[in-house]
Number of protein chains: 2
Amino acid sequence: MANTKKRSECPISNSLEAWGDKWSLLIIRDLMFKGVCTYGDFMKSPEKIATNILASRLLDLEENGIITKEIHPENRTKFLYKLTEKGINLFPLIVEINLWAEKYYPVPEERKEMLEEIHKDKEAFIKNGMAKLRE
Amino acid sequence: MANTKKRSECPISNSLEAWGDKWSLLIIRDLMFKGVCTYGDFMKSPEKIATNILASRLLDLEENGIITKEIHPENRTKFLYKLTEKGINLFPLIVEINLWAEKYYPVPEERKEMLEEIHKDKEAFIKNGMAKLRE
DNA sequence: TAAATTACTTGTACTTTGCAAGTAATTTTA
DNA sequence: TAAAATTACTTGCAAAGTACAAGTAATTTA
(Lines give C-alpha, C1' and ligand atoms only; values in the text may rest on other atoms or scores of the structure.)
Protein backbone atom coordinates (compact mmCIF):
# COMPACT_ATOMS: atom_id res chain seq x y z
CA MET A 1 0.00 0.00 0.00
CA ALA A 2 2.79 2.43 0.82
CA ASN A 3 3.99 1.72 -2.68
CA THR A 4 5.56 4.57 -4.61
CA LYS A 5 6.03 3.24 -8.14
CA LYS A 6 3.04 3.82 -10.40
CA ARG A 7 1.89 0.76 -12.30
CA SER A 8 0.44 2.85 -15.12
CA GLU A 9 -1.13 6.20 -15.96
CA CYS A 10 -4.64 4.75 -15.80
CA PRO A 11 -7.00 6.68 -13.48
CA ILE A 12 -8.43 3.43 -12.14
CA SER A 13 -4.99 2.07 -11.39
CA ASN A 14 -3.86 5.31 -9.73
CA SER A 15 -6.98 5.34 -7.59
CA LEU A 16 -6.49 1.75 -6.53
CA GLU A 17 -2.99 2.60 -5.38
CA ALA A 18 -4.46 5.17 -3.00
CA TRP A 19 -7.39 3.24 -1.52
CA GLY A 20 -7.62 -0.08 -3.38
CA ASP A 21 -7.30 -2.61 -0.61
CA LYS A 22 -9.58 -4.43 1.80
CA TRP A 23 -9.49 -1.78 4.52
CA SER A 24 -9.00 1.79 3.32
CA LEU A 25 -12.55 2.35 2.10
CA LEU A 26 -13.88 1.11 5.42
CA ILE A 27 -11.88 3.78 7.22
CA ILE A 28 -13.22 6.33 4.74
CA ARG A 29 -16.74 4.98 5.24
CA ASP A 30 -16.43 5.49 9.01
CA LEU A 31 -15.25 9.05 8.50
CA MET A 32 -18.16 9.75 6.16
CA PHE A 33 -20.87 8.24 8.33
CA LYS A 34 -19.51 9.19 11.75
CA GLY A 35 -17.97 12.49 10.65
CA VAL A 36 -14.71 12.42 12.54
CA CYS A 37 -13.03 9.54 14.32
CA THR A 38 -10.35 8.63 16.79
CA TYR A 39 -8.18 5.54 16.53
CA GLY A 40 -10.44 3.80 19.02
CA ASP A 41 -13.53 4.62 16.96
CA PHE A 42 -12.06 2.78 13.98
CA MET A 43 -11.18 -0.17 16.18
CA LYS A 44 -14.82 -0.44 17.24
CA SER A 45 -16.06 -1.08 13.69
CA PRO A 46 -17.62 -4.51 13.17
CA GLU A 47 -14.98 -5.68 10.68
CA LYS A 48 -12.37 -5.84 13.47
CA ILE A 49 -9.31 -4.45 11.73
CA ALA A 50 -6.01 -5.50 13.30
CA THR A 51 -4.39 -2.64 15.19
CA ASN A 52 -1.13 -2.66 13.24
CA ILE A 53 -3.01 -2.68 9.94
CA LEU A 54 -5.12 0.25 11.08
CA ALA A 55 -2.04 2.24 12.04
CA SER A 56 -0.46 1.43 8.68
CA ARG A 57 -3.57 2.37 6.67
CA LEU A 58 -4.09 5.63 8.54
CA LEU A 59 -0.52 6.60 7.70
CA ASP A 60 -0.95 5.62 4.04
CA LEU A 61 -4.19 7.59 3.74
CA GLU A 62 -2.56 10.59 5.36
CA GLU A 63 0.42 10.35 3.01
CA ASN A 64 -2.00 10.17 0.09
CA GLY A 65 -3.70 13.36 1.25
CA ILE A 66 -7.05 11.68 1.88
CA ILE A 67 -7.18 12.18 5.67
CA THR A 68 -5.56 14.46 8.23
CA LYS A 69 -4.59 13.82 11.83
CA GLU A 70 -4.82 16.44 14.54
CA ILE A 71 -4.69 16.59 18.32
CA HIS A 72 -8.04 16.19 20.03
CA PRO A 73 -8.99 19.60 21.46
CA GLU A 74 -10.33 18.15 24.69
CA ASN A 75 -8.07 15.22 25.41
CA ARG A 76 -4.40 15.18 24.55
CA THR A 77 -4.17 11.39 24.58
CA LYS A 78 -6.42 11.28 21.52
CA PHE A 79 -6.07 12.27 17.90
CA LEU A 80 -8.83 13.25 15.55
CA TYR A 81 -8.83 11.92 12.02
CA LYS A 82 -10.85 13.71 9.38
CA LEU A 83 -11.32 13.67 5.64
CA THR A 84 -9.56 16.21 3.44
CA GLU A 85 -11.32 17.65 0.41
CA LYS A 86 -9.72 14.82 -1.58
CA GLY A 87 -11.29 12.36 0.82
CA ILE A 88 -14.67 14.10 0.83
CA ASN A 89 -14.67 13.84 -2.96
CA LEU A 90 -14.86 10.08 -2.57
CA PHE A 91 -18.43 10.53 -1.32
CA PRO A 92 -20.09 9.87 -4.72
CA LEU A 93 -18.04 6.70 -5.03
CA ILE A 94 -19.23 5.46 -1.66
CA VAL A 95 -22.80 6.18 -2.72
CA GLU A 96 -22.36 4.11 -5.90
CA ILE A 97 -20.88 1.21 -3.94
CA ASN A 98 -23.92 1.27 -1.67
CA LEU A 99 -26.21 1.23 -4.70
CA TRP A 100 -24.37 -1.66 -6.29
CA ALA A 101 -24.30 -3.68 -3.07
CA GLU A 102 -28.01 -3.05 -2.53
CA LYS A 103 -28.69 -5.10 -5.68
CA TYR A 104 -26.68 -8.16 -4.63
CA TYR A 105 -26.39 -8.34 -0.84
CA PRO A 106 -28.89 -8.01 2.01
CA VAL A 107 -29.11 -4.43 3.21
CA PRO A 108 -28.64 -3.98 6.97
CA GLU A 109 -31.51 -2.24 8.73
CA GLU A 110 -29.49 0.84 9.67
CA ARG A 111 -28.65 1.58 6.03
CA LYS A 112 -32.15 1.33 4.62
CA GLU A 113 -33.11 4.90 5.42
CA MET A 114 -29.99 6.22 3.74
CA LEU A 115 -30.64 4.19 0.61
CA GLU A 116 -34.21 5.49 0.50
CA GLU A 117 -32.90 9.03 0.58
CA ILE A 118 -30.44 8.25 -2.19
CA HIS A 119 -33.20 6.84 -4.36
CA LYS A 120 -35.39 9.87 -3.77
CA ASP A 121 -32.78 12.35 -4.96
CA LYS A 122 -29.23 11.12 -5.43
CA GLU A 123 -27.74 14.47 -6.41
CA ALA A 124 -29.22 16.21 -3.39
CA PHE A 125 -28.06 13.45 -1.06
CA ILE A 126 -24.51 13.75 -2.35
CA LYS A 127 -24.50 17.52 -2.23
CA ASN A 128 -25.84 17.67 1.32
CA GLY A 129 -23.64 14.85 2.53
CA MET A 130 -20.49 16.47 1.22
CA ALA A 131 -21.51 19.87 2.58
CA LYS A 132 -21.93 18.39 6.06
CA LEU A 133 -18.48 16.84 5.91
CA ARG A 134 -16.99 20.23 5.07
CA GLU A 135 -18.51 21.95 8.13
CA MET B 1 -9.79 -12.82 -1.90
CA ALA B 2 -11.35 -16.25 -2.15
CA ASN B 3 -12.42 -15.68 1.42
CA THR B 4 -15.80 -17.03 2.45
CA LYS B 5 -16.44 -15.54 5.90
CA LYS B 6 -18.17 -12.16 5.84
CA ARG B 7 -16.52 -9.50 7.95
CA SER B 8 -19.81 -7.67 8.49
CA GLU B 9 -23.17 -6.90 6.92
CA CYS B 10 -21.97 -3.52 5.63
CA PRO B 11 -22.56 -3.01 1.90
CA ILE B 12 -19.13 -1.42 1.51
CA SER B 13 -17.45 -4.33 3.26
CA ASN B 14 -19.37 -6.91 1.22
CA SER B 15 -18.44 -5.13 -1.98
CA LEU B 16 -14.78 -4.98 -1.03
CA GLU B 17 -14.81 -8.72 -0.49
CA ALA B 18 -15.89 -9.19 -4.10
CA TRP B 19 -13.59 -6.73 -5.89
CA GLY B 20 -11.66 -4.83 -3.21
CA ASP B 21 -8.06 -5.51 -4.08
CA LYS B 22 -5.37 -4.03 -6.28
CA TRP B 23 -6.28 -6.01 -9.41
CA SER B 24 -9.96 -6.96 -9.75
CA LEU B 25 -11.18 -3.54 -10.86
CA LEU B 26 -8.47 -3.43 -13.53
CA ILE B 27 -9.80 -6.68 -14.98
CA ILE B 28 -13.30 -5.20 -14.86
CA ARG B 29 -11.99 -1.99 -16.46
CA ASP B 30 -10.52 -4.00 -19.34
CA LEU B 31 -13.81 -5.80 -19.87
CA MET B 32 -15.68 -2.50 -19.86
CA PHE B 33 -13.38 -0.66 -22.23
CA LYS B 34 -12.42 -3.54 -24.53
CA GLY B 35 -15.78 -5.34 -24.31
CA VAL B 36 -14.61 -8.94 -24.06
CA CYS B 37 -11.17 -10.30 -23.33
CA THR B 38 -9.04 -13.40 -23.43
CA TYR B 39 -6.45 -14.30 -20.83
CA GLY B 40 -3.77 -12.90 -23.10
CA ASP B 41 -5.61 -9.60 -23.48
CA PHE B 42 -5.51 -9.10 -19.72
CA MET B 43 -1.82 -9.94 -19.67
CA LYS B 44 -1.16 -7.17 -22.21
CA SER B 45 -2.47 -4.43 -19.91
CA PRO B 46 0.17 -1.90 -18.86
CA GLU B 47 0.00 -2.80 -15.17
CA LYS B 48 1.64 -6.17 -15.86
CA ILE B 49 -0.35 -8.45 -13.60
CA ALA B 50 1.47 -11.66 -12.62
CA THR B 51 0.02 -14.66 -14.41
CA ASN B 52 -0.83 -16.63 -11.28
CA ILE B 53 -2.57 -13.61 -9.76
CA LEU B 54 -4.58 -13.13 -12.94
CA ALA B 55 -5.68 -16.76 -12.94
CA SER B 56 -6.64 -16.48 -9.29
CA ARG B 57 -8.58 -13.22 -9.74
CA LEU B 58 -10.46 -14.47 -12.80
CA LEU B 59 -11.59 -17.47 -10.77
CA ASP B 60 -12.61 -15.29 -7.83
CA LEU B 61 -14.58 -12.92 -10.07
CA GLU B 62 -16.28 -15.86 -11.73
CA GLU B 63 -17.16 -17.37 -8.36
CA ASN B 64 -18.56 -14.02 -7.30
CA GLY B 65 -20.79 -13.91 -10.38
CA ILE B 66 -19.13 -10.84 -11.85
CA ILE B 67 -17.66 -12.46 -14.98
CA THR B 68 -18.26 -15.58 -17.06
CA LYS B 69 -15.84 -17.74 -19.00
CA GLU B 70 -16.72 -19.44 -22.27
CA ILE B 71 -14.91 -21.17 -25.09
CA HIS B 72 -13.79 -18.92 -27.91
CA PRO B 73 -15.99 -19.70 -30.92
CA GLU B 74 -13.13 -19.48 -33.40
CA ASN B 75 -10.16 -20.89 -31.52
CA ARG B 76 -10.43 -23.68 -29.01
CA THR B 77 -7.17 -22.80 -27.28
CA LYS B 78 -8.74 -19.55 -26.10
CA PHE B 79 -11.44 -18.60 -23.64
CA LEU B 80 -13.59 -15.51 -23.70
CA TYR B 81 -14.25 -13.64 -20.48
CA LYS B 82 -17.21 -11.30 -20.26
CA LEU B 83 -19.10 -9.30 -17.67
CA THR B 84 -22.34 -10.59 -16.20
CA GLU B 85 -25.17 -8.19 -15.40
CA LYS B 86 -23.68 -7.95 -11.90
CA GLY B 87 -20.40 -6.91 -13.47
CA ILE B 88 -22.02 -4.49 -15.90
CA ASN B 89 -23.70 -2.83 -12.94
CA LEU B 90 -20.26 -1.76 -11.74
CA PHE B 91 -20.15 0.67 -14.67
CA PRO B 92 -21.37 3.71 -12.67
CA LEU B 93 -18.70 2.95 -10.07
CA ILE B 94 -15.97 2.92 -12.70
CA VAL B 95 -17.26 6.25 -13.99
CA GLU B 96 -17.05 7.78 -10.51
CA ILE B 97 -13.52 6.50 -10.02
CA ASN B 98 -12.52 8.15 -13.28
CA LEU B 99 -14.11 11.41 -12.14
CA TRP B 100 -12.34 11.31 -8.80
CA ALA B 101 -8.98 10.46 -10.34
CA GLU B 102 -9.39 13.26 -12.87
CA LYS B 103 -9.23 15.73 -9.99
CA TYR B 104 -5.99 14.41 -8.50
CA TYR B 105 -3.90 12.63 -11.13
CA PRO B 106 -2.85 13.50 -14.68
CA VAL B 107 -5.35 12.18 -17.20
CA PRO B 108 -3.83 10.07 -19.99
CA GLU B 109 -4.54 11.32 -23.50
CA GLU B 110 -6.65 8.32 -24.48
CA ARG B 111 -9.09 8.88 -21.62
CA LYS B 112 -9.70 12.58 -22.22
CA GLU B 113 -12.42 12.07 -24.81
CA MET B 114 -14.29 9.72 -22.51
CA LEU B 115 -14.14 12.16 -19.63
CA GLU B 116 -15.43 14.91 -21.88
CA GLU B 117 -18.40 12.76 -22.78
CA ILE B 118 -19.05 12.03 -19.12
CA HIS B 119 -19.02 15.72 -18.29
CA LYS B 120 -21.41 16.51 -21.12
CA ASP B 121 -24.06 14.04 -19.93
CA LYS B 122 -23.11 11.54 -17.29
CA GLU B 123 -26.44 9.71 -17.20
CA ALA B 124 -26.47 9.23 -20.96
CA PHE B 125 -22.87 8.03 -20.96
CA ILE B 126 -23.66 5.44 -18.32
CA LYS B 127 -26.86 4.31 -20.00
CA ASN B 128 -25.23 3.94 -23.42
CA GLY B 129 -22.10 2.32 -22.03
CA MET B 130 -24.06 -0.31 -20.14
CA ALA B 131 -26.33 -0.95 -23.11
CA LYS B 132 -23.33 -1.63 -25.32
CA LEU B 133 -21.94 -4.12 -22.82
CA ARG B 134 -25.24 -6.01 -22.87
CA GLU B 135 -25.23 -6.48 -26.66
C1' DT C 1 -0.36 9.03 43.25
C1' DA C 2 -2.06 4.78 41.39
C1' DA C 3 -5.12 3.00 37.86
C1' DA C 4 -7.13 3.55 33.52
C1' DT C 5 -7.26 5.30 28.63
C1' DT C 6 -5.52 6.01 24.28
C1' DA C 7 -2.75 5.36 20.37
C1' DC C 8 0.09 3.09 19.00
C1' DT C 9 4.70 -0.57 18.32
C1' DT C 10 6.78 -5.10 18.32
C1' DG C 11 7.17 -10.08 17.61
C1' DT C 12 5.77 -14.10 15.46
C1' DA C 13 3.15 -17.23 12.60
C1' DC C 14 0.47 -17.48 8.63
C1' DT C 15 -1.22 -16.01 4.05
C1' DT C 16 -0.81 -13.64 -0.21
C1' DT C 17 1.93 -11.77 -3.92
C1' DG C 18 5.45 -11.54 -7.51
C1' DC C 19 8.66 -13.57 -10.46
C1' DA C 20 10.51 -17.35 -13.21
C1' DA C 21 9.89 -21.54 -15.18
C1' DG C 22 7.19 -25.38 -16.80
C1' DT C 23 3.10 -27.87 -19.02
C1' DA C 24 -0.99 -29.52 -21.71
C1' DA C 25 -4.09 -28.71 -25.47
C1' DT C 26 -4.73 -27.01 -29.64
C1' DT C 27 -3.42 -24.45 -33.99
C1' DT C 28 -0.27 -22.88 -37.38
C1' DT C 29 3.76 -23.45 -40.26
C1' DA C 30 7.10 -25.82 -43.05
C1' DT D 1 2.23 -34.59 -41.32
C1' DA D 2 5.57 -33.49 -38.04
C1' DA D 3 7.66 -29.54 -35.73
C1' DA D 4 7.04 -24.99 -33.95
C1' DA D 5 4.15 -21.64 -32.02
C1' DT D 6 0.09 -20.05 -29.25
C1' DT D 7 -2.75 -19.97 -25.43
C1' DA D 8 -4.12 -20.56 -20.84
C1' DC D 9 -2.79 -21.78 -17.39
C1' DT D 10 0.15 -24.40 -12.93
C1' DT D 11 4.07 -24.85 -9.84
C1' DG D 12 7.94 -23.50 -6.81
C1' DC D 13 10.03 -20.28 -4.09
C1' DA D 14 11.34 -15.83 -2.01
C1' DA D 15 9.42 -11.53 -0.47
C1' DA D 16 5.80 -8.85 1.26
C1' DG D 17 1.57 -8.26 3.72
C1' DT D 18 -1.86 -9.75 7.35
C1' DA D 19 -3.62 -11.42 11.88
C1' DC D 20 -3.15 -12.11 16.56
C1' DA D 21 -1.16 -11.34 21.06
C1' DA D 22 1.48 -8.70 23.94
C1' DG D 23 3.86 -4.57 25.34
C1' DT D 24 4.75 0.63 25.86
C1' DA D 25 4.64 5.77 26.41
C1' DA D 26 1.92 9.80 27.25
C1' DT D 27 -1.63 11.62 29.32
C1' DT D 28 -6.06 11.68 32.13
C1' DT D 29 -9.09 10.11 35.70
C1' DA D 30 -10.10 8.37 40.39
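Computed from a predicted model, the values in this text were never measured in an experiment.
Across dT10(D), dC8(C), dT5(C), the shortest atom-to-atom separation from the side chain of Thr77(A) is found for dT5(C). In the set dA8(D), dA7(C), dT17(C), the nucleotide with an atom closest to the side chain of Phe79(B) is dA8(D). Of the candidate nucleotides dA25(C), dC9(D), dT18(D), dC9(D) has the atom lying nearest to any side-chain atom of Thr51(B).
A salt bridge links Lys122(B) with Glu96(B); the closest basic N to acidic carboxylate O contact falls under 4.0 Å. At a threshold of 4.0 Å, the pair Arg7(B)-Glu17(B) counts as salt-bridged, since one of the basic side-chain nitrogens sits closer than that to a carboxylate oxygen. Between Glu109(A) and Lys112(A), at least one side-chain N (NZ, or NE/NH1/NH2) sits under 4.0 Å from a carboxylate O, which counts as a salt bridge.
To the nearest angstrom, P of dT18(D) lies 13 Å from CG of Leu16(B). We find that NE2 of His72(A) is positioned 11 Å from P of dT28(D), with the value rounded to whole Å. Regarding Asp41(B), its CG atom lies at a distance of 13 Å from the C1' atom of dT6(D), rounded to whole Å. At whole-Å resolution of the value, CD1 in Ile49(B) and P in dA20(C) are 16 Å apart. The interatomic distance linking Glu74(B) (CD) with dT28(C) (C1') rounds to 15 Å, in whole Å. Between the CD1 atom of Ile71(B) and the C1' atom of dT7(D) there is a distance of 14 Å, rounded to whole Å. The separation between Leu54(A) atom CG and dG17(D) atom P is 17 Å, rounded to whole Å. Tyr39(B) has its OH atom 6 Å from the P atom of dC9(D), to the nearest Å.
Judged by closest nucleotide on DNA chain D, Lys69(B) is the one of Ile53(A) and Lys69(B) placed further toward the 5' end. In terms of position on DNA chain D, the residue among Asn75(A) and Ala50(A) whose nearest nucleotide sits closer to the 5' end is Ala50(A).
Trp23(B) has no side-chain polar atom (N or O) that falls below the 4.0 Å cut-off from OP1 or OP2 of dT16(C). Regarding contacts with the backbone of dG17(D), every side-chain N or O of Ser56(A) stays at 4.0 angstrom or more from both OP1 and OP2. Taking only side-chain nitrogens and oxygens, Lys44(A) never comes nearer than 4.0 Å to OP1 or OP2 of dA7(C). OP1 and OP2 of dA8(D) both lie 4.0 Å or more from every side-chain N or O belonging to Arg76(B). Contact check, Thr38(B) against dT7(D): no side-chain N or O comes under 4.0 Å of OP1 or OP2.
Side-chain contact, Tyr39(A) with Thr51(A): a donor N or O sits under 3.5 Å from an acceptor N or O.
Heavy atoms of Asn52(A) sit under 4.0 angstrom from at least one base atom. Among the heavy atoms of the strands lying under 4.0 Å from Tyr81(A) are primed sugar atoms or P, OP1, OP2 only; no base atom is included.
At least one side-chain heavy atom of Asn98(B) sits under 4.5 Å from a side-chain heavy atom of Arg111(B).
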